[in-house]
**Student:** 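Got a structure for you, written out below as C-alpha cells; questions coming shortly.
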Amino acid sequence: MRKHIKSIFRGLKLISSFPKPILQSSAISAVVRAGIPFINIWFAAQILNELVGGRNQSRLTFLVILTIGLNLLGQVANRALEKWHDYCRANFWQLMSKLISDKMLTMDYIDAENPDIRQKQSDIWGHHNGMGFGLSRLIEAYDGLIQGIIRVGLSVAFAFTLFTTRTPEGSSFAFLDSVWAVIVVLLLLCISMFVAPYFTMLGGRVLANASEENNQGNRVFTFYFWTMIGKSELGKDIRIYNQQDSISRGVESYFKNSKWLALSKIVGRYQFISSFINHTTNGLIYLFVAMKAFAGAFGVGSIVQYVGAITQFANGFNDTLVNLGNMINNNPYAEKIFEFLDIPNEKYQGTLPVEKRDDTDFDIEFKDVSFKYPGSDTYALKNVSFKLEIGQRLAVVGMNGSGKTTMIKLLCRLYDPTEGEITLNGIDIKKYNYDEYMNIFGVVFQDFALLPFTLGQNVAASVDYDGDRAMKVLEDSGFDRRLESMPKGLDTYIYKNFEEDGVEVSGGEAQKIALARALYKNTPFIVLDEPTAALDPIAEYEIYTKFNEIVGEKTAVYISHRLSSCRFCDDIVVFHEGELIQRGSHEGLLADADGKYHELWNAQAQYYAVSA
C-alpha cells in the first residue's frame with residue numbers, strides 16, 4: 001500500500017507541474033458538488049419540522065426563500081467552477097503529449113532509437129488514448145475521491161444525532177436504543193461501505209487488466225479502419241492482388257474475436273452485486289430510522305435529514321473507496337509513465353568549448369573504434385581506424401548493413417563508441433561540449449525529415465531566418481526552379497498538415513531542400529548519407545559535382561549507393577560487415593581486381609551496360 005500511495009502522490013505532483021491548476025480546480029469543484037445536496041437535506045428537514053410543528057408563516061417563508069437562494073447560488077457556483085475546471089483541463093491531452101514528446105526529444109539519441117523504449121512510449125499512448133489509463137484516469141479518480149470524502153464528512157455530521165437521540169421512556173421500541181441495535185446498524189453500514197465498493201473495484205480491475213488487450217485491439221482497428229484506408233499507396237497493391245476479400249475476413253475476425261462483450265458481462269455482474277448489496281443494506285437502515293421515528297424519538301423532518309445523510313454517506317463512502325481502488329488499479333499504467341520519464345541520459349556532455357575557427361582547421365580521427373547496438377552481441381563496427389583530413393572529400397561505400405551510417409552517427413556523436421575513441425584535433429570528442437560539437441556538422445541523413453512548416457523555416461531549421469541566405473542555398477542545391485512556382489516563395493508551407501494551401505514536394509525535391517538545410521548551417525563538416533536516393537543517376541551526379549564546388553574548403557563526407565557519384569572524391573573507404581577493409585583513390589581501388597570495391601563497381605557497371 002505504501003508503494004501505491006507513493007505512486008499516486010507522484011502522479012498528482014506531476015499533474016500539478018502543468019501550467020494550469022488542474023488539481024486545485026478539480027478539488028474546489030468537487031467540494032461544491034459534494035456540498036450542494038446537503039443544502040436541500042438540511043432545509044427540507046427544517047421546513048417539514050416547521051410544517052408539523054408551529055407552522056410559523058414568517059419562518060417558513062424565510063426557510064423557503066433561503067433554500068431557493070442557496071440552491072441557486074450553489075448551482076451557479078458549481079457551473080462556474082465546472083467551467084473553470086474544464087478550462088484547466090482543456091489542453092490536458094496536449095500537455096500530456098508534450099510531456100512525453102519532450103522526453104523523447106531530450107533523451108540520448110541511442111535510447112530514442114531503441115525499439116524497446118519506443119515500445120514503452122507506444123504502450124503509454126495506447127493505454128492513455130484507449131481507456132484513459134495513466135494521468136487522465138488519475139485526475140478523474142482524484143475528483144471522485146475528494147467529492148466522496150466531503151460527502152462522508154458531512155453525512156457523519158448530519159446523522160450523528162440518529163444514535164444519540166433516544167426513544168421515549170416506556171416505548172415498546174426501546175430496544176432500538178440498545179448497543180446491539182447500534183452494532184447491527186453499524187454492521188449494515190460497514191457492509192454497504194466496504195463489501196459493495198469491493199465488487200465495484202473488482203469490475204474496475206477487470207477493465208484495468210484488459211487495457212493491454214485493448215491496445216492490441218486498437219492496433220488492429222487502427223490498421224483496418226485508419227492506416228489501410230488512409231495510406232493511398234496501399235490501394236494499388238490491394239487492387240492489383242485483389243486483397244479485398246482477405247481484408248474483409250480480417251475485419252470480421254476482429255469483431256468475432258473481440259472479448260469486450262464478455263468483459264462487459266463480467267463488469268456488469270460485479271456492478272449488479274454491488275448495487276444489490278448497497279440498496280439492501282440502505283433499505284434496512286431506513287427501516288431502523290422509520291421505526292425510531294414511529295417510536296417518537298424524533299419528528300418527520302429528522303427522518304428526511306437522517307435518510308438523506310445515510311444515502312449520501314453510503315454513496316460518498318462508496319465513491320471514496322471505488323476511486324481509491326481506481327487509483328490503485330491505475331498505478332501500473334502510471335508507473336509506465338514514470339519508468340519512461342526516469343530513463344537517464346547517460347551520455348557524457350563534455351565541458352571543453354569547440355574552438356571557433358575561420359580557417360575550418362579541424363581534423364577527426366577514428367582510433368580502433370568498435371560499436372554494438374544496445375541489446376546486441378554483434379558488432380555493427382569493429383576496429384575502425386582512419387583519419388579525416390582538413391578539406392578532404394571522403395567517400396564511404398559498401399553494401400547495405402556494412403556499417404556506413406553507423407559510422408556517420410558515431411562521427412556526429414549521436415552514438416558513443418563501445419570501444420576505442422574518436423578525436424577532434426587530438427582530443428576525445430566526449431570531452432567537448434556536446435551541443436558545440438554537434439554544431440560543427442551539417443548532415444543530410446538517408447532518412448532525413450522535413451517538417452510541415454514553411455520552406456524558409458525548413459531550410460534554416462528555425463522560425464527566424466535570413467531570406468537571402470535561404471534563397472542562395474536553395475539555388476545551390478538545385479531547388480531554384482521549383483521555388484519559382486511556389487505561391488508564397490519561402491513562406492510557402494511544405495505539406496498540408498497545418499495549411500490547406502501547403503505544397504506537396506516529391507522525394508527528389510525534398511532531398512534538395514535537405515541539402516540546402518545542410519548548406520545553410522554553414523559548418524566546417526558536411527556529411528551526406530545517401531541523400532540523393534530518390535534522384536536518377538544523372539541528376540545525382542550533377543548535384544554531387546555542383547555540391548563539390550559549393551563545399552569549397554570544407555571537409556565533406558559522402559555516402560552513396562552509386563559508386564560512380566564518388567569518383568570526384570579524394571579518398572574512398574570501403575566498409576564490409578562492420579569493418580573498414582579498403583581505402584584509396586577510385587583508380588587505385590579499381591585496380592585491385594580482388595578487392596571489394598572492384599566487385600561493387602563492376603556489379604553496378606554491368607547493369608548500366610545492359611540498360612544501355
**Student:** Consider only side-chain N and O atoms of Thr406 and Tyr373, and report whether a donor and an acceptor are under 3.5 Å apart.
**Tutor:** yes

**Student:** In plain terms, say whether Glu339 and Lys336 are close enough for a salt bridge, that is, a side-chain N and a carboxylate O under 4.0 Å apart.
**Tutor:** no

**Student:** Compare every heavy atom of Leu410 with every heavy atom of Pro417, then report the nearest pair and how far apart it is.
**Tutor:** N-CD2, 3.7 Å

**Student:** Verify, without hydrogens or angle tests, whether Glu421 (side chain) and Asp428 (backbone) share a donor-acceptor contact under 3.5 angstrom.
**Tutor:** no

**Student:** Has Lys347 got more than 12 heavy atoms of other residues, nucleotides or ligands less than 6.0 Å from its NZ?
**Tutor:** yes

**Student:** Ring of Phe338, cation from Arg10 - is the NZ or CZ under 6.0 Å from the centre and inside 45° of the axis?
**Tutor:** yes

**Student:** For Phe38 and Arg151, which heavy atoms make the closest approach, and how far apart are they?
**Tutor:** CZ-O, 3.6 Å

**Student:** Can you give me the closest heavy-atom contact between Asn458 and Arg517, atom names plus distance?
**Tutor:** O-CD, 3.2 Å

**Student:** Any idea how Phe498 and Phe453 line up, ring-wise: parallel (<30°), tilted (30 to 60°), or perpendicular (>60°)?
**Tutor:** parallel

**Student:** Hey, are the side chains of Tyr109 and Arg413 touching, using non-hydrogen atoms and a 4.5 Å cut-off?
**Tutor:** no

**Student:** When the ring planes of Tyr415 and Phe371 are compared, do they come out parallel, tilted or perpendicular, using 30° and 60° as the limits?
**Tutor:** parallel

**Student:** So, Asn329 side chain and Gly325 main chain: donor-acceptor pair closer than 3.5 Å or not?
**Tutor:** yes

**Student:** Please list, one pair per line, the donor and acceptor atoms closer than 3.5 Å that link side chains of residues 27-34 to other protein atoms, with sequence neighbours excluded.
**Tutor:**
from: Ser29; atom 1: OG; to: Arg33; atom 2: NH1; distance (Å): 2.7
from: Arg33; atom 1: NE; to: Gln147; atom 2: OE1; distance (Å): 3.2
from: Arg33; atom 1: NH2; to: Asp143; atom 2: OD1; distance (Å): 2.3
from: Arg33; atom 1: NH2; to: Asp143; atom 2: OD2; distance (Å): 3.1
from: Arg33; atom 1: NH2; to: Gln147; atom 2: OE1; distance (Å): 3.1

**Student:** Atom OH of residue position Tyr87 - does it have more than 12 heavy atoms of other residues, nucleotides or ligands inside 6.0 Å?
**Tutor:** no

**Student:** Do other residues, nucleotides or ligands put more than 12 heavy atoms under 6.0 Å from Asp464 CG?
**Tutor:** no

**Student:** Do other residues, nucleotides or ligands put more than 12 heavy atoms under 6.0 Å from the NZ atom of Lys496?
**Tutor:** yes

**Student:** With a 3.5 Å distance limit and no angle check, can you tell me whether Asp108 reaches the backbone of Ile110 through a side-chain donor-acceptor pair?
**Tutor:** no

**Student:** Between Asp123 and Gln119, does any side-chain donor sit less than 3.5 Å from a side-chain acceptor?
**Tutor:** yes

